[in-house]
Amino acid sequence: MKSIGEVAAQFGLPAHVLRYWEAEGLLAPARAGDRRRYTDADVRQVAAILIAKEAGFELADIRTMLSARSAPARRELGARHRERLLTRIARAQAALHMIEGDCPHDDIMTCPHFQSLLADRLEQAGTGG
């Protein structure tokens, strides 16, 4: 069994992150008195949390994924996350296209394409201009 400091150092994390994840229900290390003691399974759980965070999962979704009792439930969570990622990717690609666009204007504020985007956004917001 490992101490919180040992596990934190193993993953390059501050110990408070592990305490926070415990408070959020992602970890449940054993206790020896008032000291946390991490088993190999707990260490694997920390690694799983880090991988999920790198994939963009929020802590609530990670908690759900780790506590899901079935593979179909985890697949469903993954599918929902995939859709959110695709939406974020599309927005990022649109932003990149706007920045890298073929606009001949030196100033984005004088670009007709940008002005069209601006008008669309104002219309969506109900301000009309």
For this session: With sequence neighbours excluded, tell me which residues meet salt bridge (Lys or Arg N to Asp or Glu O under 4.0 Å) with D42.
Result: none

For this session: Please indicate whether D40 has more than 12 foreign heavy atoms, meaning atoms of other residues, nucleotides or ligands, lying under 6.0 Å from its CG.
Result: no

Problem set entry | CG/D120: more than 12 non-hydrogen atoms of other groups inside 6.0 Å | yes

Exercise. With a 4.5 Å heavy-atom cut-off, do F11 and L18 have their side chains touching?
Worked result: no

Exercise. Are any of the side-chain heavy atoms of L13 and V7 separated by less than 4.5 Å?
Worked result: no

For this session: Apply side chain to side chain contact (heavy atoms under 4.5 Å, CB included) to V46 and L26, showing your working.
Result: CA-CA 9 Å; V46 170; L26 299 170; over 6 Å; no

Exercise. After noting the C-alpha distance and the side-chain angles of R35 and S3, does the key distance pass the side chain to side chain contact (heavy atoms under 4.5 Å, CB included) rule?
Worked result: CA-CA 8 Å; R35 303 224 178 243; S3 71; over 6 Å; no

Taking [Y] as the starting point, is it possible to reach [X] by hopping between hydrophobic residues whose side chains are less than 4.5 Å apart?
| X | Y | result |
| --- | --- | --- |
| W21 | I51 | no |
| L96 | I89 | no |
| L85 | L59 | no |

Taking all non-hydrogen atoms of both residues, which atom of [X] and which atom of [Y] are closest, and how far apart?
| X | Y | answer |
| --- | --- | --- |
| R88 | G56 | NH1-O, 4.4 Å |
| A30 | M1 | CB-CE, 3.8 Å |
| P14 | A8 | C-CB, 4.1 Å |

Exercise. Tell me the salt bridge (charged side-chain N to carboxylate O under 4.0 Å, His left out) pairs involving residues 69-85, sequence neighbours left out?
Worked result: D61-R84, E76-R80

Problem set entry | Pairs meeting criterion salt bridge (charged side-chain N to carboxylate O under 4.0 Å, His left out) with involvement of residues 20-29, two or more places apart | E22-R31, E22-R36, E24-R63

Problem set entry | Backbone N/O of A55 and side chain of H81: donor-acceptor pair under 3.5 Å | yes

For this session: Tell me, please, which residues at least two apart from S67 pass side-chain contact (heavy atoms from CB on, under 4.5 Å).
Result: none

Seminar exercise, completed: By ring pair (Phe, Tyr, Trp, His ring centres under 6.0 Å), Y38 pairs with (sequence neighbours left out) none

Problem set entry | side chain to side chain donor-acceptor pair (under 3.5 Å) contacts in which one or both residues fall within residues 43-59, not counting sequence neighbours | none

Exercise. How long is the span from the CE atom in M65 to the CD1 atom in I49, to the nearest 0.5 Å?
Worked result: 9.5 Å

